[in-house]
There are 2 protein chains.
Amino acid sequence: MKNNCITCAFKSKSAETLDEDHLNHLSCNNAMVKFRKGNPIFTQGTFSTNVVYLRSGLAKIHITGPYHEQIVRIVKAPRYLGLPTTIGDKINQYSVTAISDVEVCFIDITAFRHLLKETEHFAFEIILDLCKDELESIRRCSNRTQKQTRGNIADVILEFADHIYESDTFNLPVSQADIGNLVDTSRESVSRILTEFHKDGILDMKGKKIEIINKKSLQLISQNG
Amino acid sequence: MKNNCITCAFKSKSAETLDEDHLNHLSCNNAMVKFRKGNPIFTQGTFSTNVVYLRSGLAKIHITGPYHEQIVRIVKAPRYLGLPTTIGDKINQYSVTAISDVEVCFIDITAFRHLLKETEHFAFEIILDLCKDELESIRRCSNRTQKQTRGNIADVILEFADHIYESDTFNLPVSQADIGNLVDTSRESVSRILTEFHKDGILDMKGKKIEIINKKSLQLISQNG
DNA sequence: TAAACGATGTGACATATCTCACATTTAGTA
DNA sequence: TACTAAATGTGAGATATGTCACATCGTTTA
């Protein structure tokens with residue numbers, strides 16, 4: 001299914017810099033695909049022949065570590081998925097899986113490189129994106145290894161509320177096991193800490209539905225361990 | 001002190017793509033500075049007005065985490081230092097300190113951006129660098145959080161031998177405390193594990209001098225925890 | 001050369017969190 | 001609706017590793 005990038009309402013910041021000709025070129029080398037919640041968008045170890053752009057929805061980036069699968073990050077549209085693994089290597093170095101229903105654009109890598117060469121603004125926006133992602137990776141890794149589990153779990157909750165859903169009430173799109181391997185702890189510890197937060201009146205939980213009641217406390221826990 | 005990039009023997013892969021005119025432009029906006037071991041090259045929290053290129057020597061990239069300073073990575077020349085923090089943000093998001101005597105080029109950021117715009121090959125090489133660094137960050141973080149301390153310390157030794165010094169005998173350029181905060185453990189644990197390796201006949205230590213005796217074992221420890 | 005400081009070795013103890021075990025609840029499907 | 005599988009709650013015990021304490025060794029500096 002071909003896509004029309006000119007009229008697309010979910011353009012990336014880099015695509016915003018393109019003129020009509022280049023957007024047309026992008027449209028011609030671009031396939032929009034829908035994935036249902038839970039399905040893999042691309043998989044570690046396979047060939048990467050396309051640049052992937054997440055048009056709508058949520059996805060998790062995960063990597064097979066030395067012992068177990070680890071979630072690196074949970075991301076929301078709009079953003080590119082796996083530029084490092086597509087451009088930096090021919091084989092995907094990590095996997096991306098939809099955690100809500102998503103719309104994804106697969107852009108032919110040759111066409112993408114063509115755009116990088118032709119239009120310096122486009123390339124610069126991509127560089128900016130890469131730089132910000134790398135900073136984020138470093139910051140996250142430093143937090144994750146230094147903080148104790150309570151702090152990391154508080155972070156995850158705050159991340160969902162502040163950056164992903166932009167609301168203090170939301171449905172967790174992932175299991176507790178997922179949260180565990182996002183912050184590198186066991187499923188059981190996540191459960192224990194979540195019920196602890198509940199008992200302390202910090203948040204309300206009904207199944208997957210979470211409501212943050214005492215955000216100050218949560219932020220304090222995030223800061224102090 | 002102005003630099004002549006045309007005759008420079010330590011050109012980056014990206015600079016290799018430049019023609020004489022552009023190299024001249026680079027030379028004119030470029031200052032080469034030497035730092036002695038232990039001195040900061042740039043510091044987290046300060047303004048970043050230059051792109052920094054490590055021409056020779058070793059450096060550590062470190063960041064102030066929620067609890068303590070953490071070494072993110074130890075890098076060797078030739079490579080850029082802190083592209084993400086220079087391009088992605090105006091304030092340095094991390095620090096870089098020399099761990100041997102080093103030579104560093106400070107490139108004016110405006111001139112650097114100019115090169116990015118003018119020459120698509122240059123920009124593409126930079127994008128490649130950024131992508132590879134990001135992949136490396138993710139891989140490292142996943143390893144560090146999953147492996148046990150013994151495995152991480154084995155990794156550091158192997159990294160020095162295989163990638164930094166390219167020899168199984170070398171002088172450790174950092175203290176055990178540094179290694180501790182590179183792999184997120186205490187100074188005492190590093191000491192204990194290092195003497196353990198020594199007792200097991202895996203390596204020989206005389207002061208800072210390390211000689212790997214049984215590399216196979218070390219690799220096994222790196223893999224299995 | 002001494003003194004002072006930083007880096008390192010090593011023991012004892014505390015503790016966060018993992019693992020295993022099983023109960024219980026929720027969701028998905030015939 | 002009932003049955004099955006997956007997700008979650010919770011206890012008990014094991015353990016890797018942090019912290020504190022102090023001794024020793026090497027290196028810089030006055």
Side-chain angles (χ1 to χ4, degrees), chain A residues 36-39 60 65-71 97 99-100 143-154 156-157 171-200 203-210 221 224-225, chain B residues 36-39 60 65-71 97 99 143-157 171-200 203-210 221 224-225:
Chain A
R36 313 227 67 173
K37 173 174 179 163
N39 288 111
K60 60 178 177 186
Y67 288 97
H68 53 80
E69 197 70 9
Q70 179 160 12
I71 300 180
T97 302
I99 57 174
S100 72
N143 277 335
R144 194 189 290 177
T145 46
Q146 282 185 34
K147 283 186 187 174
Q148 289 189 219
T149 309
R150 278 166 59 87
N152 283 321
I153 291 178
V156 172
I157 306 285
N171 281 302
L172 259 189
V174 292
S175 69
Q176 295 186 359
D178 275 341
I179 294 177
N181 92 38
L182 177 59
V183 303
D184 209 70
T185 191
S186 65
R187 191 219 98 216
E188 292 91 328
S189 296
V190 176
S191 174
R192 274 187 256 268
I193 287 166
L194 245 29
T195 34
E196 201 182 308
F197 286 172
H198 189 191
K199 276 179 192 152
D200 295 351
L203 47 79
D204 211 34
M205 295 174 55
K206 283 190 194 88
K208 292 275 187 190
K209 190 175 179 184
I210 285 195
I221 292 167
N224 303 322
Chain B
R36 313 227 67 173
K37 176 176 177 160
N39 288 111
K60 61 178 177 185
Y67 288 97
H68 53 81
E69 198 71 8
Q70 178 160 12
I71 300 181
T97 302
I99 59 174
N143 277 335
R144 193 188 292 177
T145 47
Q146 282 186 34
K147 282 187 188 174
Q148 288 188 218
T149 310
R150 278 167 59 86
N152 283 321
I153 290 178
D155 274 349
V156 172
I157 305 285
N171 282 302
L172 259 190
V174 292
S175 68
Q176 295 186 359
D178 275 341
I179 294 177
N181 91 38
L182 177 59
V183 303
D184 210 70
T185 190
S186 65
R187 190 219 99 218
E188 292 91 329
S189 295
V190 176
S191 174
R192 274 186 257 267
I193 286 166
L194 245 29
T195 34
E196 202 182 307
F197 286 171
H198 189 190
K199 278 179 193 154
D200 294 350
L203 45 80
D204 210 36
M205 295 173 56
K206 284 191 192 86
K208 292 277 188 188
K209 191 176 177 183
I210 285 194
I221 292 167
N224 302 323

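Throughout, protein chains are lettered first and strands after them, A, B, ... in sequence-line order, and every chain is numbered starting at 1. It should be emphasised that the depicted structure is a prediction, and the values quoted were computed from it without experimental measurement. What's counted below: heavy atoms across the whole structure, side chains too, no hydrogens, waters or symmetry copies.
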When rounded to whole Å, the CE to C1' distance for the pair A:M205 and C:dT26 reads 13 Å

Hey, does the side-chain of A:R187 have a donor or acceptor N/O within less than 3.5 Å of a partner on the base of D:dG9?
yes

In this structure, CD1 of B:I193 is separated from CD1 of B:I179 (nearest 0.5 Å) by 10.5 Å

For a quick check of understanding: with a heavy-atom distance under 4.0 Å over all strands, which category does B:K206 fall into, base, sugar-phosphate or nothing? nothing

Touch class at under 4.0 angstrom, heavy-atom based, for A:S191 against every strand present = base

Exercise. Using a cut-off of strictly less than 4.0 Å, decide whether A:S189 has a side-chain nitrogen or oxygen near OP1 or OP2 of C:dC18.
Key: yes

**Flag if over 12 foreign heavy atoms under 6.0 Å of NZ, B:K208** = yes

- prompt: Under 4.0 angstrom, heavy atoms only, what part of the nucleic acid is B:T195 near: base, sugar-phosphate, or nothing?
  reply: sugar-phosphate

Whole-Å distance, A:E196 CD to D:dT8 C1', equals 16 Å

Kindly say if A:S186 contacts the phosphate of C:dT19, meaning a side-chain N or O under 4.0 Å from OP1 or OP2.
no

Nearest heavy-atom approach of B:N39 to B:T97 is O-CG2, 3.5 Å

Taken to the nearest whole Å, CG/B:D184 to P/D:dT17 is 12 Å

ask   = Hey, does the side chain of A:T185 come within less than 4.0 Å of C:dT17's phosphate (OP1/OP2), counting only N and O?
value = no

- Query: Should B:Q176 be listed as having a side-chain N or O under 4.0 Å from OP1 or OP2 of C:dG9?
  - Reply: yes

Separation of C:dC18 atom P from A:Y67 atom OH, nearest Å, is 15 Å

Under 4.0 Å between a side-chain nitrogen and a carboxylate oxygen: does that hold for B:R144 and B:D184? no

When rounded to whole Å, the CD1 to P distance for the pair A:I153 and C:dA16 reads 15 Å

Scanning both residues in full, the closest heavy-atom pair of A:I221 with A:A154 reads CG2-CB, 3.9 Å

Rounded to whole Å, the CZ-C1' distance (A:R192 to C:dC20) equals 11 Å

Q. Does B:K208 put a side-chain nitrogen or oxygen below 4.0 Å from OP1 or OP2 of C:dT8?
A. yes

Whole-Å distance, B:Q146 CD to D:dA16 P, equals 18 Å

note: A:E188, atom CD; C:dA21, atom P; distance rounded to Å ~ 12 Å

